[in-house]
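Everything numeric in this text was worked out from a predicted model, so none of it was measured. In each ligand, atom 1 is the first atom listed, and ligand 1 is the first ligand listed. Residue numbers run from 1 in the order of the sequence given.
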Amino acid sequence: MKSILFAAAEGLPFIKSGGLADVIGSLPKILKQREYDVRVVLPLYKKIADKYFDQLEYLGTLQIKSGWIDQPASYFQTEVDGVVYYFVQHQAYFERDGLYGFPDDGERFSFYQKAILEMCKMIDFYPDILHAHDWHTGMLAALTKIHYSSDWHFDKVKHVYTIHNLAFQGNFPKDILGSCLGLSFKYYEDGSMRYDGDISFMKTGIVYSDKVTTVSPSYAKEILTPEYGEHLDEILRYRQHDLWGIVNGIDVTEWNPQTDKLLAKNYTAKNVAKGKKDNKLAVQKALGLREAPDVLMIGMVSRLTYQKGVYLIAERLADIMGLDIQFVVLGTGEEDAESTFRYMEEKYKRRAVYYCGYNEDLAHQIYAGCDLFLMPSLYEPCGIGQLIAMRYGSLPLVRETGGLRDTVHAFNQYTNEGNGFSFWSFSGDDLVHTLKFACDTYYMNPEGWKELVQHAMNTDVSWEYSANLYQELYEIL
Ligand code: ADP
Ligand code: GLC
């Protein structure tokens, strides 16, 4: 049986800040069902310790030496759905409010990565594939190949590196090489880890891994261009023959309107019209909106950042709210975006509401209650929101970029084909125009809308197909 170790900075069911956690929580489960020995390693954050510490089994403690770092790591494990989860504990580094975004992130995640490799030795587990995700684990392939080159156990380990978001790169001052990673300055000088005078964990992952993947075929193409390449397009073009774009799936057992315990009313594709009305009414009641089950409700569950197209919405808020709609927004993010939605709630009382925060339960209810799910992203490596929305019979309205382009197909009013709405250019005019079209379809062409909802709910958003591709990739290695 082939073994795979997923190394990441977040993963469900333990900890989530975004789509990365959805992927780490669902892909290993599917691979496990396909007879792989799959294990996941995560930092033991405060939130995880608070909730799960009593359920974790202690494995041991090691002194981790990495550059000037000389600190203990304790290891714990548990099992969920046959997948083994390891946790790396260092209270000062990880038991904080929040996951990352601290000034010492470079040091914290250098320690974490060295601790992962030392853990493999301690538990005598050398995976066939070490599958690292995003910048937090971008140094793993290089550290293995440089620090452990004389240890034959690590020889057979192949490295897959998945880019979930190229914009977050983990770039740190170059002295981190010596101080936190125990690496020679030559890796700065030869350019393999250098990025604009800094050291880049993301770039290092791209350069040193055996295969690089990203989370949709379109994004895999986009990042080869200067427009989307975040200044790494050149190095990505250099590695393009080892770069695969594999679209994400979601956990369709977890996200299932038929069994979801958080919904006011469960429903299937057969009774979605009634199910949606009941759930819409519940959201309206809970959030103080006008109780109108027939109004078109637009939902948005998102980090509120430039990437997500929030300023496009801000720019055309009056036009959007001029339509016959209700608008529900859940999320946190940039201050300007949050104040736009606060203003919206104030100005359009009982028609628009902004819930500022992270709320898993409310997210489920919005996916079920809304008719249209808005994701006008500037760029989107894959996007999980639109997949969940389709599963819940909410039609995604997206910009045609990255994974949104690969998963959402625009409504064709002449053939009734499609599973959502989309627009191409990143402009407020196109957003408003498409929203108007969606609104007209909802009110004036209910048969077309019904068909679209069926198409959306029948879209395969599971991991079945994409897990085959990961399997193929692992087998090649
Ligand atoms: P990204 O990872 O770029 O933020 P994705 O669409 O891939 O975007 O994934 C976002 C995930 O996080 C989805 O599962 C979405 O439902 C969830 N999410 C985002 N914001 C919130 C929030 N405020 N409360 C609850 N869930 C949220
Ligand atoms: C990142 C991307 C998002 C993707 C997620 C999971 O957060 O922004 O598009 O769905 O990772 O791969």
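- A salt bridge links K2 and E475; the closest N-O separation between the charged side-chain nitrogens and carboxylate oxygens is under 4.0 Å.
- At the shortest separation from atom 23 (N) of ligand 1 among protein heavy atoms lies G357 O, 2.9 Å.
- Of the N or O atoms in I384, one or more lie within a sub-3.5 Å distance of an N or O in ligand 1.
- What sits closest to atom 18 (N) of ligand 1 on the protein, heavy atoms only, is V301 CG1, 3.8 Å.
- The atoms of ligand 1 that sit less than 4.0 Å from any heavy atom of G385 are 6 (O).
- Heavy atoms of N248 found under 4.0 angstrom from ligand 1: none, in either backbone or side chain.
- Applying the salt bridge (charged side-chain N to carboxylate O under 4.0 Å, His left out) test to pairs two or more places apart or on separate chains, those with a residue in residues 373-401 are K308-E380.
- Counting heavy atoms only, Y358 comes closest to atom 22 (C) of ligand 1 of the residues Y379, Y358, Y355.
- A distance below 6.0 Å separates the ring centres of F201 and F172.
- Between H364 and W255, the two ring planes are parallel [angle under 30°; tilted spans 30° to 60°].
- When non-hydrogen atoms are compared, ligand 1 lies under 4.0 Å from the side chain of K16 (C-beta onward) but not from its backbone.
- Counting only heavy atoms of the protein, atom 11 (C) of ligand 1 lies nearest to D22 OD2, 3.5 Å.
- Partner of V215 under the side chain to side chain contact (heavy atoms under 4.5 Å, CB included) criterion, chosen from V247, L20, T162: T162.
- When non-hydrogen atoms are compared, ligand 1 lies under 4.0 Å from the backbone of N359 (N, CA, C, O) but not from its side chain.
- When each atom of ligand 1 is checked for a heavy atom of G383 under 4.0 Å away, the hits are 6 (O), 7 (O).
- Using a heavy-atom distance under 4.0 Å as the criterion, the protein contacts of ligand 2 are G19, L20, V23, H164, N165, V215, N248, R303, Q307, E380, P381, C382, G383, I384.
- Here the shortest heavy-atom distance to atom 8 (O) of ligand 1, taken over R303, E380, E10, K308, belongs to K308.
- Ligand 1 is never approached by A21 to a heavy-atom distance shorter than 4.0 Å.
- Ranking the protein heavy atoms by distance from atom 10 (C) of ligand 1 puts G19 N, 3.6 Å first.
- The backbone of S302, and not its side chain, has at least one atom closer than 4.0 Å to an atom of ligand 1 (non-hydrogen atoms only; backbone = N, CA, C, O).
- We find that K280 and D371 are joined by a salt bridge, their nearest charged nitrogen and carboxylate oxygen being less than 4.0 Å apart.
- Contacts between H164 and ligand 1 below 4.0 angstrom, taking non-hydrogen atoms only, are absent altogether.
- Here OH of Y161 is found 6.0 Å from OG1 of T137. Values are rounded to the nearest 0.5 Å.
- Between R316 and D429 there is a salt bridge, since at least one side-chain N of the basic residue sits less than 4.0 Å from a carboxylate O of the acidic one.
- Taking the charged nitrogens against the carboxylate oxygens, D198 and R194 have no contact shorter than 4.0 Å, which rules out a salt bridge.
- With respect to R342 and E338, a salt bridge is recorded, a charged nitrogen being found less than 4.0 Å from a carboxylate O.
- Salt bridge R108/D105: present, at least one basic N to carboxylate O contact under 4.0 Å.
- Of all atoms in ligand 1, listed by their number and element, those nearer than 4.0 Å to a heavy atom of I388 are 14 (O).
- Taking atom 16 (O) of ligand 1 as the reference point, the nearest protein heavy-atom neighbour is Y367 OH, 2.7 Å.
- Taking the charged nitrogens against the carboxylate oxygens, E234 and K203 have no contact shorter than 4.0 Å, which rules out a salt bridge.
- Within the structure, the closest approach of G331 to ligand 1 falls below 4.0 Å when heavy atoms are considered.
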